[in-house]
Number of protein chains: 2
Amino acid sequence: MANFPFQRLQSDLAELIKKTPAGQRLPSEPDLAKQLGVSRATLREAMRSFETQGLIRRRQGSGTFVVGKVQALDSGLEVLESLETIAKRMGLEVSISDLNIESIVADEELSALLGVPQDAKLTRVRRVIRAESRPVAYLVDILPEEILHIKDLPADFHGSVLDCLLERGDLLTSSRANISAIGASADVAKPLEIQRGDVLLHFHAQLFNAENKVVDYSFSYFIPGYFHFHVVRRVGNG
Amino acid sequence: MANFPFQRLQSDLAELIKKTPAGQRLPSEPDLAKQLGVSRATLREAMRSFETQGLIRRRQGSGTFVVGKVQALDSGLEVLESLETIAKRMGLEVSISDLNIESIVADEELSALLGVPQDAKLTRVRRVIRAESRPVAYLVDILPEEILHIKDLPADFHGSVLDCLLERGDLLTSSRANISAIGASADVAKPLEIQRGDVLLHFHAQLFNAENKVVDYSFSYFIPGYFHFHVVRRVGNG
DNA sequence: CAGTGGTCTAGACCACACG
DNA sequence: GTGTGGTCTAGACCACTGA
């Protein structure tokens, strides 16, 4: 018995996943745990990283499946584009699910972020973005109702609030995005069909119009393996 | 007994941490688990997110401590600056530890990334960056030996390879950084004094000189709570 | 040395998918 | 119903800290 079960386990798992054809189901967790000589808890912990890399997908009630090589959505951060636009350019299919549109009221935090009075009415749009039928991102946009009323959203809304505003002719200039990493909370883990605590890349951003007013505040959660975000950084004058 | 132990647990923990003075030790894990009516495994899972937020710090053998409010290092991604430069501008103390400088040989991957022949000699610099004595980032730079030989590093090297090259007068233009999120591997968890699997923000970047040659390839791992990275994104012409 | 966090185990019960 | 992954428990052993 190795002294470091976890390291061994990860390489064993990597090998197993590699040699399993795409779409195939892995042995069940209890079986696999026995085969690999570890407890189920340890096995599950080791599987997490493979899931955030997009190599496997677990589905409650049905099993854990090996995923074929995924084409990640590739985007430079200097330009703000919708995921739809990026996907289209790359020739990928994306769709949305779990669409939820609600009218909410500004609390202290939102009133500060959006520059509106407290208790102002807001529109919140939440949805899951899927690439090749897999959930890959969870997006939440919050806008003042004057900017976007629930009724303003087209019946065939297909995922991007940004594209909606642009098509309408709104003059938008830029977005300020904060970039972080978080563990998935229960709220976001469920729609993304991942485990609570799984690693996510997280943006929260303010979108500005030509008058420098905030028209949209958004939270975005990305499953890392499905995205390649990059940015070119100028070297500061030394 | 609540049906959702975890949610309750997280808010109970948040409250406990809030009302505990900075620097104070929390009860031990077995004690706390009993107090809160959960198993130790569940308690530890719930504590993870507070650690990546920089609210608590766990030290093996001594205990879990509440951390006073931290001033995060704030940086725009348009400009590449060393963490040292950022910290200095903000009036924060940073130091380095676990400095390791080695000569290595290019494998296939590194030869492609750095644009050097396979088996070329490279210099690798690894170190932990600490802010107010806490580990907050783990940085690895890899450069061709012609660019930076081990002997070229000053005896008083204090953390930034970028600053080193700039002070020497190298003409550097820009860096291309890829941004992702990962769970900490054992290798990086140990020097950062966090748990394996904890959430980290991850950059890997190529640094270019005036001739558009790659002079440095770097991996960076950041504990999310100690950093605020942001970027201004131009709205793509719709 | 006693007490702490770090890791792992074995087993239980649940919610969900599918036949 | 049966089998899957999702969650939680109770307890063990280890490595480390600090008196």
Side-chain angles (χ1 to χ4, degrees), chain A residues 1-10 12-13 24-48 50-52 56-67 133 135 183-198, chain B residues 1-10 12-13 24-52 56-67 135 183-198:
Chain A
M1 182 79 87
N3 214 357
F4 303 105
F6 193 85
Q7 287 184 33
R8 224 187 80 93
L9 178 57
Q10 281 214 327
D12 286 356
L13 262 181
Q24 197 93 7
R25 216 196 69 191
L26 292 180
S28 76
E29 293 185 352
D31 287 357
L32 201 47
K34 264 166 209 151
Q35 277 183 41
L36 299 174
V38 298
S39 72
R40 207 182 137 204
T42 304
L43 172 68
R44 283 176 59 74
E45 186 65 22
M47 288 218 251
R48 286 176 95 125
F50 294 103
E51 188 163 19
T52 64
I56 60 173
R57 177 154 174 214
R58 301 152 103 164
R59 275 190 283 210
Q60 186 173 20
S62 100
T64 300
F65 299 84
V66 173
V67 171
S133 88
S185 67
D187 287 347
V188 48
K190 185 179 270 181
L192 282 176
E193 298 170 17
I194 59 177
Q195 282 178 264
R196 191 189 60 217
D198 277 2
Chain B
M1 185 76 87
N3 214 357
F4 303 105
F6 193 85
Q7 286 186 33
R8 224 188 81 92
L9 178 58
Q10 280 214 326
D12 286 356
L13 263 182
Q24 197 94 7
R25 216 198 69 191
L26 292 179
S28 77
E29 292 186 353
D31 287 357
L32 203 46
K34 266 167 208 151
Q35 277 182 41
L36 299 175
V38 297
S39 72
R40 206 183 137 204
T42 305
L43 172 68
R44 282 176 60 75
E45 184 65 22
M47 289 217 255
R48 287 175 95 124
S49 73
F50 295 102
E51 188 165 19
T52 64
I56 60 173
R57 177 153 173 214
R58 301 152 102 163
R59 276 190 282 211
Q60 186 174 20
S62 101
T64 300
F65 299 84
V66 173
V67 171
S185 67
D187 286 347
V188 48
K190 184 179 267 181
L192 282 176
E193 299 171 16
I194 59 178
Q195 283 178 262
R196 191 188 61 215
D198 278 2

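Values below: all heavy atoms of this structure, side chains included; hydrogens, waters and symmetry mates excluded. Just so we're on the same page: letters track the sequence lines, and every chain starts at 1. In this text, all values refer to a predicted model and were calculated from it rather than measured experimentally.
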Checklist entry - Heavy atoms, side chains only, cut-off 4.5 Å: are B/Arg196 and B/Lys190 in contact? => result no
Item to check | Presence of A/Arg44 side-chain N/O under 4.0 Å of D/dG6 phosphate oxygens OP1/OP2 | outcome: yes
Checklist entry - CD of A/Gln7 versus P of C/dT7: gap in Å, rounded? => result 11 Å
Next on the checklist: Hydrogens and angles aside, do B/Thr52 and B/Ser49 bring a side-chain donor and acceptor to less than 3.5 Å of each other?
Outcome noted: no
Item to check | Between C/dC14 (P) and A/Glu29 (CD): distance, integer Å | outcome: 18 Å
Item to check | N-O pairing of A/Arg44 and A/Glu29 below 4.0 Å | outcome: yes
Next on the checklist: Check the phosphate of D/dT7 against B/Thr42, side-chain N and O only, distance under 4.0 Å to OP1 or OP2. Yes or no?
Outcome noted: no
Next on the checklist: Tell me the interatomic distance from B/Glu45, atom CD, to D/dG6, atom C1', rounded to whole angstroms.
Outcome noted: 12 Å
Checklist outcome for this item: Comparing B/Gly63 with A/Ser62, nearest DNA chain C nucleotide closer to 5' gives the residue B/Gly63
Item to check | Candidate nucleotides C/dG6, C/dT9, C/dT4, ranked by approach to the side chain of B/Ser28 - the nearest | outcome: C/dT4
Item to check | Rounded interatomic separation in angstrom, taking CG from B/Leu32 and P from C/dG6 | outcome: 13 Å
Checklist entry - Rounded to the nearest Å, what distance is computed from the NZ atom of residue A/Lys34 to the C1' atom of nucleotide D/dG3? => result 13 Å
Item to check | No-H, no-angle donor-acceptor pair, A/Arg59 side chain to D/dG6 base, under 3.5 Å | outcome: no
Next on the checklist: Just the rounded figure in Å: distance from P of D/dG5 to CZ of A/Arg196.
Outcome noted: 18 Å
Next on the checklist: Just the rounded figure in Å: distance from P of C/dT4 to CD of B/Gln195.
Outcome noted: 17 Å
Checklist entry - D/dC14 C1' sits how many Å from A/Phe6 CZ, rounded? => result 17 Å
Next on the checklist: Looking at A/Asp198 and A/Gln195, would you say the former's side chain and the latter's main chain have a donor-acceptor pair under 3.5 Å?
Outcome noted: yes
Checklist entry - Between A/Leu43 and B/Glu51, who's closer to the 5' end of DNA chain C by nearest nucleotide? => result B/Glu51
Next on the checklist: Using only modelled atom types and a 3.5 angstrom limit, is any donor from either the side chain of A/Arg57 or the base of D/dG5 paired with an acceptor on the other?
Outcome noted: no
Item to check | N/O (side chain, A/Arg40) to phosphate O (OP1/OP2, D/dG5) under 4.0 Å | outcome: no
Checklist entry - Taking the side chain of A/Ser39 as heavy atoms from C-beta outward, which of D/dT7, C/dT9, C/dG5 is closest to it? => result C/dT9
Checklist entry - Is a salt bridge present between B/Arg57 and B/Glu51, judged by a nitrogen-to-oxygen distance below 4.0 Å? => result no
Checklist outcome for this item: By nearest-nucleotide position on DNA chain D, the 5'-leaning member of A/Thr64 and A/Ala41 is A/Thr64
Item to check | Donor-acceptor pair present, A/Gln60 side chain and C/dA17 base, under 3.5 Å | outcome: no
